[in-house]
Participant: 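The structure is given below, and queries will be raised subsequently.
No experiment lies behind these values; they were computed from the predicted model shown.
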Amino acid sequence: MTADLHIHSTCSDGTDKPDKIVEMAAAAGLSCLALTDHDSIDGLAQATEQGRRLGVEVIPGIELTTESPNREIHILGYYFDPGQPEFLAILKKIQQSRVERIKKMVKKLNSLKIDLEVEDVLTLSDGKTPGRPHVARALINQGQVKSIKEAFDRYLETRGPAYVPHYKLKPVEAIHLIRAAGGIPVLAHPLISNCDELIVELKKEGLGGVEAYYSGYTPATTERYVMLAQDNGLLVTGGSDFHGQDSGRENQLGSVKLPEQYVEALKNEHLHRH
Ligand code: AMP
Ligand code: ZN
Ligand code: FE
Ligand code: FE
């Protein structure tokens, strides 16, 4: 069993469609994956169907962007009920806010004398969760910048001149939402989220795991988070955070493989509660 439990598709800011991702995963020898699009479950049906066809187990997943004072914390969710009404209502609210935010960001860019239209961005996200990477790609298409990195450095990073926030849950709200939908909430890429001191408190609120295996983590970092998870009675998860072959990112699909014992523990947790 080889599993990659953190992957983005065109249903958020990845560049490969869900069925293509499952195909690539099968070719790469993965037997299990979770699609974890930002604030969206739109790709799950397609991925699950393709997984059935190709013999790849697809675990339902999502990555919720949350805000805590001075930082963004990403919470992954696994094995939730994708039809739970409250869950769907919140996702809809976040997506609407993301579209409004793109409009405001384009206005800010226009006021910086950059020729860009809202449609140039929304065509790229194609009705799915639009994010800053879509703005970056639109800026490249318009010849305004040469790379995604340049777009973020000059305009889009949190302190950049074109940054606009969107509606976000608090970490605890995201954890409660995923639990209410029957899912298991997991702290994503803990080094980036930079909130180790919150783990004990988040566990009390229902946090179920920590993503100890992640692209670029040294064995020592992974070991540290595995210990932290085990000391706190939390599951261990992991994944590549693959964003697609044309995303400009280097992390490859399946480049992070979660050891079988942890995949089994996650599955058991799910099975025990249902
Ligand atoms: P959003 O959720 O729309 O605010 O966009 C966040 C996405 O932008 C995440 O997938 C990040 O990985 C990506 N991102 C954030 N900062 C950078 C950066 N400096 N360079 C490239 N991508 C970035
Ligand atoms: Zn992303
Ligand atoms: Fe993330
Ligand atoms: Fe991610």
Participant: Mark yes or no for whether Asp37, through its side chain, and Glu63, through its backbone, hold a donor-acceptor pair below 3.5 Å.
Facilitator: no

Participant: With sequence neighbours excluded, tell me which residues meet side chain to side chain donor-acceptor pair (under 3.5 Å) with Arg132.
Facilitator: none

Participant: For residues His8 and Leu35, determine if any side-chain heavy atom of one lies less than 4.5 Å from a side-chain heavy atom of the other.
Facilitator: no

Participant: Checking the side chain of Asp81 only, and the main-chain atoms of Gly83 only, is there a donor and an acceptor separated by less than 3.5 Å?
Facilitator: yes

Participant: For Lys149 and Glu157, run salt bridge (charged side-chain N to carboxylate O under 4.0 Å, His left out): C-alpha distance rounded to whole Å, both residues' side-chain angles, the deciding distance at 0.1 Å, then the answer.
Facilitator: CA-CA 10 Å; Lys149 182 178 184 318; Glu157 64 181 15; over 6 Å; no

Participant: Using atom types as modelled and distance alone, determine if a side-chain donor or acceptor of Thr218 lies under 3.5 Å from a backbone N or O of Thr221.
Facilitator: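 Pair found, side chain donor or acceptor close to backbone of Thr221.
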
Participant: Would His243 and His38 count as a close aromatic pair, with their ring centres under 6.0 Å?
Facilitator: yes

Participant: Can you tell if the side chain of Pro190 reaches within under 4.5 Å of the side chain of Tyr217, non-hydrogen atoms only?
Facilitator: yes

Participant: Are Glu23 and Lys17 close enough for a salt bridge, meaning some N to O gap below 4.0 Å?
Facilitator: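 Here Glu23 does not pair with Lys17 in a salt bridge, since their nearest N and O are not under 4.0 Å apart.
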
Participant: Please report the interatomic distance CD(Gln84) to CG(Leu177), rounded to the nearest 0.5 Å.
Facilitator: 7.0 Å

Participant: To the nearest 0.5 Å, how far apart are OH in Tyr155 and CG in Leu112?
Facilitator: 7.0 Å

Participant: Would you call the rings of Tyr79 and His270 parallel, tilted or perpendicular, where under 30° means parallel and over 60° means perpendicular?
Facilitator: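 Ring orientation of Tyr79 relative to His270: parallel.
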
Participant: Do the side chains of Ile62 and Ile184 join up, straight or via other hydrophobic residues, at under 4.5 Å, putting them in one cluster?
Facilitator: no

Participant: Salt bridge or not for Glu117 and Lys107, using N-O below 4.0 Å?
Facilitator: no

Participant: Starting at CD of Glu67, measure out to NZ of Lys168 and round the result to the nearest 0.5 Å.
Facilitator: 5.0 Å

Participant: Do the side chain of Gln46 and the main chain of Asp19 share a donor and acceptor less than 3.5 angstrom apart?
Facilitator: yes

Participant: Once rounded to the nearest 0.5 Å, what's the spacing between atom CG of Leu266 and atom SG of Cys32?
Facilitator: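 That separation rounds to 8.5 Å.
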
Participant: Between Lys146 and Glu150, is the closest basic N to carboxylate O distance under 4.0 Å?
Facilitator: no

Participant: Does Lys93 count as lying over the ring of Tyr167, i.e. NZ or CZ under 6.0 Å from the six-ring centre, within 45 degrees of the axis?
Facilitator: yes

Participant: Got a donor-acceptor contact below 3.5 angstrom from the Thr66 side chain to the Ala174 backbone?
Facilitator: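 The answer is no, because no donor-acceptor pair under 3.5 Å joins these two groups.
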
Participant: Glu211 and His189: side chain to side chain donor-acceptor pair (under 3.5 Å), yes or no, with the steps?
Facilitator: CA-CA 6 Å; Glu211 191 179 44; His189 41 65; 5.4 Å; no

Participant: Kindly work out whether a path of hydrophobic side-chain contacts (I/L/V/M/F/W/Y, heavy atoms less than 4.5 Å apart) joins Leu33 to Ile59.
Facilitator: no

Participant: Taking it one step at a time, do Asn251 and Tyr214 satisfy side chain to side chain donor-acceptor pair (under 3.5 Å)?
Facilitator: CA-CA 10 Å; Asn251 23 352; Tyr214 185 74; 5.0 Å; no

Participant: For Glu100, check side chain to side chain donor-acceptor pair (under 3.5 Å) against everything at least two apart and list the hits.
Facilitator: Lys103

Participant: Could you check whether any side-chain heavy atom of Leu234 comes within less than 4.5 Å of a side-chain heavy atom of Ile199, counting everything from C-beta outward?
Facilitator: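 SC-SC contact between Leu234 and Ile199 confirmed.
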
Participant: Are the charged groups of Asp39 and Arg98 less than 4.0 angstrom apart, N to O?
Facilitator: yes

Participant: Given 3.5 Å as the limit, does a donor-acceptor pair link the side chain of Ser193 with the main chain of Leu187, or not?
Facilitator: no

Participant: State whether the side chain of Thr222 and the backbone N or O of Pro219 hold a donor-acceptor pair below 3.5 Å, judged by distance alone.
Facilitator: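 Flag not set: sc Thr222 to bb Pro219 has no pair under 3.5 Å.
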
Participant: Please check: side-chain N/O of Ser240 versus main-chain N/O of Ser215, any donor-acceptor pairing under 3.5 Å?
Facilitator: no

Participant: Does the side chain of Pro130 come within less than 4.5 Å of Val99's, by heavy atoms?
Facilitator: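 Contact flag for Val99/Pro130 side chains = yes.
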
Participant: Check for a donor-acceptor pair, side chain of His134 on one end and backbone N or O of Ser12 on the other, with a separation under 3.5 Å.
Facilitator: yes

Participant: Could you measure the distance from the CG atom of Asp231 to the NZ atom of Lys203? Nearest 0.5 Å is fine.
Facilitator: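 The distance works out to 12.0 Å.
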
Participant: Do Val256 and Phe242 have side-chain heavy atoms sitting under 4.5 Å apart?
Facilitator: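 Heavy-atom side-chain distance check fails, nothing below 4.5 Å.
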
Participant: So does Ile7 get a backbone contact from the side chain of Thr36, meaning a donor-acceptor N/O pair under 3.5 Å?
Facilitator: yes

